[in-house]
K.L.:
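Here it is: the structure, laid out below.
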Amino acid sequence: MPELPEVETTRRGVAPHIERQKVTGVSIYDHRLRWPVPADLGLRLVGKTVDRVERRSKYLLFRIADDTLVVHLGMSGSLRAFAKPPPREKHDHVDISFENGVVLRFRDPRRFGSILWVEGQGADHPLLMRLGPEPLTPGFDAAYLHRSTRRRGASIKVSLMDNRLVVGVGNIYANESLFRAGIRPTRAANRISHARLVRLVAAVRDTLSDAIAKGGSSLRDYVASDGEHGSFQLGYFVYGREGEPCRVCATPIRSLRQGGRATFYCPRCQT
Ligand SMILES: [Zn+2]
């Protein structure tokens, strides 16, 4: 599933090609995404200029005059900017063409992604309104995390993956961040000291930043917007490594399930 680093990588990949460009055409080949693609998308977009491409959590926000095109990649979506688009393939659902000749193509084999038109900036849209701070912004710090976890008896891993606490820390990055911070994923969030949360915030930031720098990837059919496969999966400390030796202390990595998701940790390095 594309996580925050993949979405940010996509944003950085497509933005230079379409920002300040006027839309000249919209082709919807299949409306059936998680929610139907608006039938009037062409009417809304053609002739308008994409001012900026932003990101909030795992949503890409295309700012178009006062309004916003919201794109989510779902489980298997990708968005790529082509100077010369190859022939359309089976899972290519939407093309947006620009005056410079670039075609922005949305592909999504499993069709859990979405393309929505939102009037205004979207801050009060149901999908966006309850989101916590971005992990790479100053609003996410140890003081915030300490304050907002004191009433959370849930485990720190489940808490980290709760978008109301902080957005965009998916399963892979929660596992990796907790390893880097030396914190056992099953530890209750409200039992973790401020000092340890300082390390956790740094670990979350470092883990996500490293993934973005490497063009992060968490799904084998995810393709970065320039066509290169991400390579971050080669460097996991614990994710997917049950029974393999810890890269720090050589103790076998253990696995369990929390909130329906796979957790991996080193029983020696993480307490
Ligand atoms: Zn270890």
Side-chain angles (χ1 to χ4, degrees), residues 1-9 58 132-137 140-163 165-220 222 229-271:
M1 175 186 308
E3 294 203 34
L4 185 147
E6 287 78 8
V7 179
E8 178 62 18
T9 299
K58 298 204 293 184
E134 289 285 329
L136 298 175
T137 60
F140 178 65
D141 62 12
Y144 164 79
L145 203 52
H146 190 261
R147 190 169 67 238
S148 28
T149 51
R150 289 313 90 183
R151 292 175 174 215
R152 285 180 182 255
S155 70
I156 185 61
K157 186 188 172 223
V158 167
S159 301
L160 263 189
M161 292 180 64
D162 182 343
N163 274 333
L165 184 67
V166 57
V167 300
V169 184
N171 193 40
I172 293 174
Y173 301 110
N175 275 297
E176 292 296 299
S177 299
L178 287 164
F179 176 83
R180 291 194 192 199
I183 296 172
R184 186 75 64 100
T186 48
R187 186 170 283 277
N190 59 6
R191 301 286 300 277
I192 301 175
S193 68
H194 186 278
R196 300 191 83 193
L197 293 177
V198 169
R199 289 209 295 278
L200 181 56
V201 165
V204 167
R205 290 176 186 270
D206 289 349
T207 302
L208 292 171
S209 300
D210 285 357
I212 292 167
K214 292 172 184 170
S217 176
S218 61
L219 187 78
R220 60 187 177 282
Y222 170 79
H229 284 270
S231 56
F232 180 63
Q233 73 270 26
L234 299 175
Y236 293 150
F237 282 109
V238 290
Y239 183 81
R241 299 191 66 241
E242 181 180 10
E244 294 177 40
C246 171
R247 297 192 197 282
V248 173
C249 74
T251 302
I253 299 299
R254 288 189 192 163
S255 159
L256 51 82
R257 292 192 78 78
Q258 288 180 283
R261 306 299 299 274
T263 292
F264 302 89
Y265 68 99
C266 171
R268 186 163 173 197
C269 293
Q270 293 173 263
T271 59

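In listed order, ligands and their atoms are each counted from 1.
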K.L.:
Inside 2.8 Å of the Zn ion (ligand 1) but strictly below it, how many protein N/O/S atoms are present?
P.N.:
4

K.L.:
Could you check whether any side-chain N or O of R191 sits under 3.5 Å from a backbone N or O of R187, counting only pairs where one atom can act as donor and the other as acceptor?
P.N.:
no

K.L.:
Applying the ring-ring contact (aromatic ring centres under 6.0 Å, His included) criterion to F179, which one of Y265, Y173, F237 satisfies it?
P.N.:
F237

K.L.:
Count the heavy atoms of every other residue, nucleotide or ligand shown that sit under 6.0 Å from CZ of R196, and state whether that count exceeds 12.
P.N.:
yes

K.L.:
Would you please classify the geometry between the Y239 ring and the F264 ring as parallel, tilted or perpendicular, with 30° and 60° separating the classes?
P.N.:
perpendicular

K.L.:
Given 3.5 Å as the limit, does a donor-acceptor pair link the side chain of Q258 with the main chain of T263, or not?
P.N.:
no

K.L.:
If we ignore hydrogens and angles and just use 3.5 Å, is the side chain of E176 paired with the main-chain N or O of V238 as donor and acceptor?
P.N.:
yes

